[in-house]
Amino acid sequence: MREAKVFYKDKFVGYLKEKDEGYSFKYDEAYLNDNAKSISLLLPLRKEEYFSAVLFPFFDGLIPEGYLYNLAIKKWKIDYIDRFGVLLKTSKDSIGAVSLEEVI
């Protein structure tokens, strides 16, 4: 199982996890209690965990494409089909408001 801490404007939001059966995302309870905003329209605020058999489209959209994707898989020696691995390595300093930090 691999997981990442999710941040919105440098504020801890919750955890994104890769499991054998798919992916999960759960907002942190402290974040929910602190005038929170959802990170995506597809992931509205709620206490319950989200599950998906494939990587959530919102997070998949944070992965670089084309030349930058190929550059990332070469640099970090990641399997071409390991999109979650690429996400973990490339989204620590994202252009947008959401970033991820791999939990080791």
Side-chain angles (χ1 to χ4, degrees):
M1 181 175 81
R2 296 184 288 181
E3 65 181 293
K5 291 181 179 180
V6 179
F7 296 89
Y8 176 71
K9 296 183 179 178
D10 297 325
K11 189 171 190 174
F12 177 65
V13 170
Y15 288 98
L16 174 65
K17 298 179 182 181
E18 178 190 52
K19 303 176 181 184
D20 290 337
E21 61 275 1
Y23 300 88
S24 69
F25 172 72
K26 187 170 192 310
Y27 283 103
D28 182 67
E29 192 171 326
Y31 180 76
L32 290 172
N33 295 329
D34 188 28
N35 197 20
K37 293 184 179 184
S38 68
I39 59 170
S40 167
L41 294 174
L42 300 173
L43 298 166
L45 296 174
R46 72 178 197 186
K47 291 183 180 183
E48 297 81 18
E49 192 169 25
Y50 287 94
F51 292 99
S52 177
V54 296
L55 187 57
F56 298 96
F58 172 75
F59 291 110
D60 193 71
L62 299 177
I63 298 171
E65 297 177 348
Y67 172 76
L68 293 176
Y69 186 85
N70 292 328
L71 191 65
I73 62 173
K74 286 180 183 178
K75 177 178 179 167
W76 285 292
K77 297 177 175 69
I78 301 170
D79 189 316
Y80 185 82
I81 61 170
D82 184 9
R83 294 185 62 78
F84 191 73
V86 175
L87 177 68
L88 292 175
K89 294 296 184 187
T90 60
S91 60
K92 186 172 183 174
D93 189 22
S94 298
I95 292 174
V98 175
S99 61
L100 282 78
E101 181 181 300
E102 184 175 10
V103 176
I104 300 173

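Hydrogens, waters and symmetry mates are skipped; everything else that's a heavy atom, side chains included, is used.
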### Query
Which pairs with one or both residues in residues 86-104 pass side chain to side chain donor-acceptor pair (under 3.5 Å), sequence neighbours excluded?
none
#### Entry: side chain to side chain donor-acceptor pair (under 3.5 Å): pairs with one or both residues in residues 58-67, sequence neighbours excluded
Asp60-Arg83
#### Entry: Chi angles and distances behind the side-chain contact (heavy atoms from CB on, under 4.5 Å) call for Phe56, Leu42
CA-CA 9 Å; Phe56 298 96; Leu42 300 173; over 6 Å; no
Exam field: side chain [X] to backbone [Y], donor-acceptor pair closer than 3.5 Å:
| X | Y | result |
| --- | --- | --- |
| Tyr27 | Ser38 | no |
| Lys9 | Val98 | no |
| Tyr69 | Val86 | no |

Residues that, via side-chain heavy atoms closer than 4.5 angstrom, fall in one hydrophobic cluster with [X]:
| X | answer |
| --- | --- |
| Val103 | Phe7, Phe12, Tyr15 |
| Met1 | none |
| Leu41 | none |

What's the separation between atom [atom1] in [X] and atom [atom2] in [Y], rounded to the nearest 0.5 Å?
| X | Y | atom1 | atom2 | answer |
| --- | --- | --- | --- | --- |
| Ile63 | Leu68 | CD1 | CG | 13.0 Å |
| Lys47 | Asn33 | NZ | CG | 6.5 Å |
| Phe59 | Leu43 | CZ | CG | 6.0 Å |
| Leu16 | Glu3 | CG | CD | 9.0 Å |

Residue list, side-chain contact (heavy atoms from CB on, under 4.5 Å) with [X], at least two apart or on another chain:
| X | value |
| --- | --- |
| Phe51 | Lys19, Ser24, Glu49 |
| Glu18 | Arg2, Tyr23, Phe84 |
| Ala36 | Tyr31, Leu45 |
| Asp79 | Ile81, Asp82 |

### Task
Take atom CD of Glu21 as the centre, draw a 6.0 Å sphere, and report whether it contains more than 12 heavy atoms from other residues, nucleotides or ligands.
yes
### Minimum heavy-atom distance between Tyr80 and Asn70, given as atom pair plus value
CE1-OD1, 3.5 Å
### Task
Please answer: with hydrophobic residues joined when any side-chain heavy atoms are less than 4.5 Å apart, are Trp76 and Ile73 in the same cluster?
yes
### Query
Should Leu88 and Ile78 be marked as a side-chain contact (heavy atoms from CB on, under 4.5 Å) after you check the CA-CA gap, both sets of side-chain angles, and the distance that decides it?
CA-CA 11 Å; Leu88 292 175; Ile78 301 170; over 6 Å; no
#### Entry: Residues which pass side-chain hydrogen bond (donor to acceptor under 3.5 Å, both in side chains) with Arg46, listed by chain and number, not counting sequence neighbours
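Partners of Arg46 under the side-chain hydrogen bond (donor to acceptor under 3.5 Å, both in side chains) test: none.
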### Message
If the condition is side-chain hydrogen bond (donor to acceptor under 3.5 Å, both in side chains), which residues does Asp34 pass it with, not counting sequence neighbours?
### Response
Lys11
### Message
Applying ring pair (Phe, Tyr, Trp, His ring centres under 6.0 Å) as the test, list every pair that has at least one member in residues 85-104; sequence neighbours left out.
### Response
none
